[in-house]
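Just the heavy atoms: all of them, side chains too, but no hydrogens, waters or symmetry mates, feed the values below. Predicted model, so just to flag it, every value in this text is computed and none were measured. Order of the sequence lines fixes the chain letters, A, B, ..., with proteins taken first and strands second; residue numbering starts at 1 for each chain.
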2 protein chains.
Amino acid sequence: MIRAQLLTPDPASLTTFLNTHTRTRDCLIQIAGLAEVNYHGRAASTAEVGAYLVLIKRDGSLQIHAPTGIKPMNWQPRTDELTARVEHGRCILHASRRSPEELVRVTFLHPHLALALNLYEEASFTLSGSEKQMQDALARHPELIEPGLTVLDRELLVDSGGIDLYARDAQGQYVVVELKRGRATQDAVSQLGRYVATAQKSGVGAVRGILAAPSITAPALKELRARGLEFREIGAWPDAPAPAALPSLFD
Amino acid sequence: MIRAQLLTPDPASLTTFLNTHTRTRDCLIQIAGLAEVNYHGRAASTAEVGAYLVLIKRDGSLQIHAPTGIKPMNWQPRTDELTARVEHGRCILHASRRSPEELVRVTFLHPHLALALNLYEEASFTLSGSEKQMQDALARHPELIEPGLTVLDRELLVDSGGIDLYARDAQGQYVVVELKRGRATQDAVSQLGRYVATAQKSGVGAVRGILAAPSITAPALKELRARGLEFREIGAWPDAPAPAALPSLFD
DNA sequence: CAATCCGTCATGGGT
DNA sequence: ACCCATGGCGGATTG
């Protein structure tokens with residue numbers, strides 16, 4: 001599992017270590033110790049000398065973690081170039097990419113530990129509870145939104161975006177449905193409003209707009225009603241409350 | 001720097017290691033090896049047995065990294081409880097929080113390495129190029145948006161959100177300005193539209209709406225014009241293009 | 001390439 | 001708590 005480990009390496013050794021193990025692109029590298037970090041790209045940042053943990057994964061992605069916080073302090077999701085070199089007696093790591101043009105530079109002042117781990121066993125990962133799944137379930141059971149509803153299309157692309165569900169109600173009127181897996185906000189109302197306006201313009205007559213979500217914020221509901229749109233409470237989860245009043249999607 | 005290190009620890013040792021070093025909340029812990037991960041909360045996920053790197057920071061945040069990708073496969077930003085125990089002869093880590101109620105469970109099948117690092121030196125971190133900085137600069141130099149503009153308020157909270165800049169133009173007409181540090185999208189137009197409508201309702205007469213950003217998408221521009229709103233190209237960056245036509249904010 | 005939207009978004013700031 | 005908005009958002013998808 002441990003391919004290589006260095007304790008308090010000197011700049012030259014660390015540089016060699018980094019260049020060697022990043023080249024193979026088959027292991028996870030980490031360096032812990034005192035460093036400075038600079039970033040320049042869509043924004044710019046500077047981190048004064050402090051204790052950080054640097055991670056470089058197989059795919060060349062780089063992240064620099066501060067001692068707290070879930071998100072890395074600096075990162076580079078996709079590196080086009082990843083090189084280490086000695087400058088002014090220090091090991092410096094450059095991680096750059098084009099489009100957008102961005103550069104992260106790590107200056108190692110006092111590396112305590114450098115590790116290369118054989119970490120490559122990919123395993124299956126499944127996530128449930130996404131909006132996609134909610135869409136699948138409602139496309140199969142549109143009566144959960146409203147009795148008599150017929151789904152015509154899913155992910156229908158119009159120039160203002162993608163309509164989650166495009167349907168027709170019992171009276172033959174067209175309906176745009178916007179889904180949210182969580183509490184719906186004013187943004188969702190804006191989205192729905194855009195889609196309804198677009199559908200309206202296509203000349204099929206009056207189009208209804210329904211926002212289907214487990215809940216909605218008070219301002220969003222007010223805005224929704226002011227625009228003549230509708231809200232349907234749809235439990236997005238198997239263990240949704242009150243199965244009688246709010247039947248589960250996944251039966 | 002290295003507080004403790006175990007190689008291929010047995011379940012009991014790993015459990016003790018985890019409980020000991022998470023309790024002190026003053027070091028960064030990592031475990032690399034074969035594991036299974038389950039999550040249940042706002043969504044649910046399962047990762048089959050594979051090679052992962054588990055990080056636990058001082059603040060109790062947990063992240064489980066797969067061999068590739070910038071984002072962790074599973075995570076828990078804030079843990080209310082973080083405990084390890086032996087179950088069925090395996091070390092199992094539970095990380096839970098309330099509000100939202102979420103649980104991440106890691107089952108260690110074959111831990112190769114457990115490390116506790118003294119990593120606590122926080123250092124100053126500064127980011128430039130944020131929308132906040134853009135707002136500061138434009139509040140000082142509103143003439144970059146339009147000659148004769150006077151800023152009345154910043155971050156003015158209305159029930160539909162926060163207006164970036166509230167101003168009055170040379171003719172005394174009220175102006176709502178929405179800023180974007182990057183390319184403005186239809187969402188930004190929706191935001192601006194909401195704010196203008198809210199300001200309008202307050203009864204100060206006709207209110208102008210200006211979207212100030214370095215660029216705008218074509219559909220957003222179309223929508224903007226259809227709503228009678230305006231766009232101003234504002235370079236958000238010191239090294240913005242063509243200083244003559246597009247003066248820098250940071251002079 | 002551009003544009004859109006989802007996300008266990010995270011994170012911060014306001015009421 | 002709720003609600004809103006930003007982010008170097010990342011990531012996927014589609015045209």
Side-chain angles (χ1 to χ4, degrees), chain A residues 39-45 61 63 68-78 97 99-104 127-135 155-164 178-188 190-191 194-195 215-221 236-237, chain B residues 39-45 61-63 69-78 97 99-104 127-135 155-164 178-188 190-191 194-195 215-221 236-237:
Chain A
Y39 155 75
H40 191 92
R42 285 165 293 181
S45 75
S61 63
Q63 43 195 303
T68 60
I70 196 83
K71 292 179 71 177
M73 179 185 69
N74 286 103
W75 66 93
Q76 193 77 281
R78 196 178 55 85
R97 66 161 158 174
S99 168
E101 181 83 38
E102 298 196 287
L103 173 69
V104 173
L127 178 79
S128 60
S130 62
E131 191 187 288
K132 181 66 168 54
Q133 286 202 350
M134 191 179 168
Q135 192 187 112
E155 293 289 347
L156 175 61
L157 288 171
V158 295
D159 53 351
S160 56
I163 296 174
D164 286 340
E178 172 64 27
L179 304 178
K180 286 296 161 202
R181 67 178 299 283
R183 178 166 265 238
T185 65
Q186 291 185 115
D187 276 357
S190 296
Q191 252 183 69
R194 278 211 308 273
Y195 301 154
S215 64
I216 185 168
T217 69
L221 183 59
W237 206 239
Chain B
Y39 155 74
H40 191 92
R42 287 166 291 182
S45 74
S61 64
L62 166 76
Q63 42 195 301
I70 196 82
K71 294 179 70 178
M73 178 185 69
N74 287 103
W75 67 91
Q76 194 79 279
R78 196 178 56 83
R97 66 161 158 174
S99 169
E101 180 84 37
E102 297 195 288
L103 172 69
V104 174
L127 178 78
S128 60
S130 62
E131 190 188 291
K132 181 65 168 54
Q133 287 202 350
M134 192 179 168
Q135 192 186 114
E155 294 289 346
L156 175 62
L157 288 172
V158 294
D159 56 349
S160 57
I163 296 174
D164 286 340
E178 172 64 28
L179 305 178
K180 287 295 161 202
R181 68 175 299 281
R183 179 166 265 239
T185 65
Q186 291 186 116
D187 275 358
S190 296
Q191 251 182 73
R194 280 210 305 272
Y195 301 153
S215 64
I216 185 169
T217 69
L221 183 59
W237 205 238

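The shortest heavy-atom contact between B:Q186 and A:S160 is NE2-O, 3.2 Å. A pairwise comparison of heavy atoms in A:A220 and A:A184 identifies CB-O, 4.0 Å as the closest pair. A pairwise comparison of heavy atoms in A:R181 and A:M134 identifies CA-SD, 4.0 Å as the closest pair. A:G162 approaches A:L157 most closely through the heavy-atom pair CA-CD2, 3.9 Å. Of all heavy-atom pairs between B:I163 and B:V158, the closest is CD1-CG1, 4.0 Å.
Note on B:K180: a side-chain N or O is less than 4.0 Å away from OP1 or OP2 of D:dT6. For B:W75 and C:dA10, the shortest distance from a side-chain N or O to OP1 or OP2 is below 4.0 Å. A sub-4.0 Å separation between OP1 or OP2 of D:dA1 and a side-chain N or O of B:S99 is present. Phosphate proximity of D:dG10 to A:R78: absent, as no side-chain N or O sits under 4.0 Å from OP1 or OP2. The side chain of A:S160 places no N or O atom within less than 4.0 Å of a non-bridging phosphate oxygen (OP1 or OP2) of C:dT4. Between A:R181 and the phosphate of C:dC9, there is a side-chain N or O to OP1/OP2 separation shorter than 4.0 Å. Note on B:Y195: every side-chain N or O is 4.0 Å or more away from OP1 and OP2 of D:dC4. Between C:dT4 and B:T185, no contact under 4.0 Å exists linking OP1 or OP2 to a side-chain N or O. In terms of phosphate contacts, A:R194 brings a side-chain nitrogen or oxygen within less than 4.0 Å of OP1 or OP2 of C:dC5. Regarding contacts with the backbone of D:dC3, every side-chain N or O of A:Q186 stays at 4.0 angstrom or more from both OP1 and OP2. For B:R42 and C:dA10, the shortest distance from a side-chain N or O to OP1 or OP2 is below 4.0 Å.
With hydrogens and angles ignored, a donor-acceptor pair closer than 3.5 Å exists between the side chain of A:Q76 and the base of D:dG8. One donor-acceptor pair, N or O on each side, does fall under 3.5 Å between the base of C:dT8 and the side chain of B:N74.
Rounded to whole Å, the P atom of D:dC4 lies 22 Å from the corresponding atom of D:dG8. Comparing the P positions of C:dT4 and C:dT8 gives an interatomic distance of 23 Å, to the nearest angstrom.
Atom CD1 in B:I70 sits roughly 13 Å away from atom P in D:dG8 (whole-Å rounding). Taking atom CG of residue B:D164 and atom P of nucleotide D:dA5, one finds them 10 Å apart after rounding to whole Å. To the nearest angstrom, C1' of D:dG15 lies 14 Å from CG of A:L156. If you take CG of A:D187 and P of D:dT6, they are 9 Å apart, rounded to a whole angstrom. We find that CG of A:D159 is positioned 12 Å from C1' of C:dT4, with the value rounded to whole Å. As a whole-Å value, the separation of A:E131 CD from C:dC5 C1' is 8 Å. What separates CD1 of A:I163 from C1' of D:dT14 is a distance of 15 Å, to the nearest Å. Between the CD atom of A:E155 and the C1' atom of C:dC6 there is a distance of 10 Å, rounded to whole Å.
The side chain of B:A43 approaches C:dT8 more closely than any other nucleotide in the set D:dC3, C:dT11, C:dT8. Distance from the side chain of A:L157 is smallest to D:dG15 among D:dG15, D:dG10, D:dA5. With distances taken from any side-chain atom of A:P219 to the nucleotides D:dA1, C:dA10, D:dC4, the minimum falls on D:dC4. Comparing D:dT6, C:dT8, D:dC4 by their closest approach to the side chain of B:Q191 singles out D:dT6.
Residues A:E102 and A:A184 both approach DNA chain D. Their nearest nucleotides, taken by heavy-atom distance, put A:A184 toward the 5′ side. Heavy-atom distances to DNA chain D give each of B:K71 and A:K71 a nearest nucleotide, and the one nearer the 5′ end belongs to A:K71. Closest-nucleotide positions on DNA chain C for B:A220 and B:Y39 were compared, and the one nearer the 5' end corresponds to B:A220.
Heavy atoms of B:P100 sit nowhere under 4.0 angstrom from any nucleic acid atom. Here A:E178 lies in heavy-atom contact (under 4.0 Å) with sugar-phosphate atoms only.
Counting only distance, with no hydrogens or angles, the side chain of B:Q135 and the backbone of B:E131 share no donor-acceptor pair below 3.5 Å.
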* Could you give me the CA-CA distance, side-chain angles and deciding distance for A:Q63 and A:V104, then say whether side-chain contact (heavy atoms from CB on, under 4.5 Å) is met? => CA-CA 10 Å; A:Q63 43 195 303; A:V104 173; over 6 Å; no
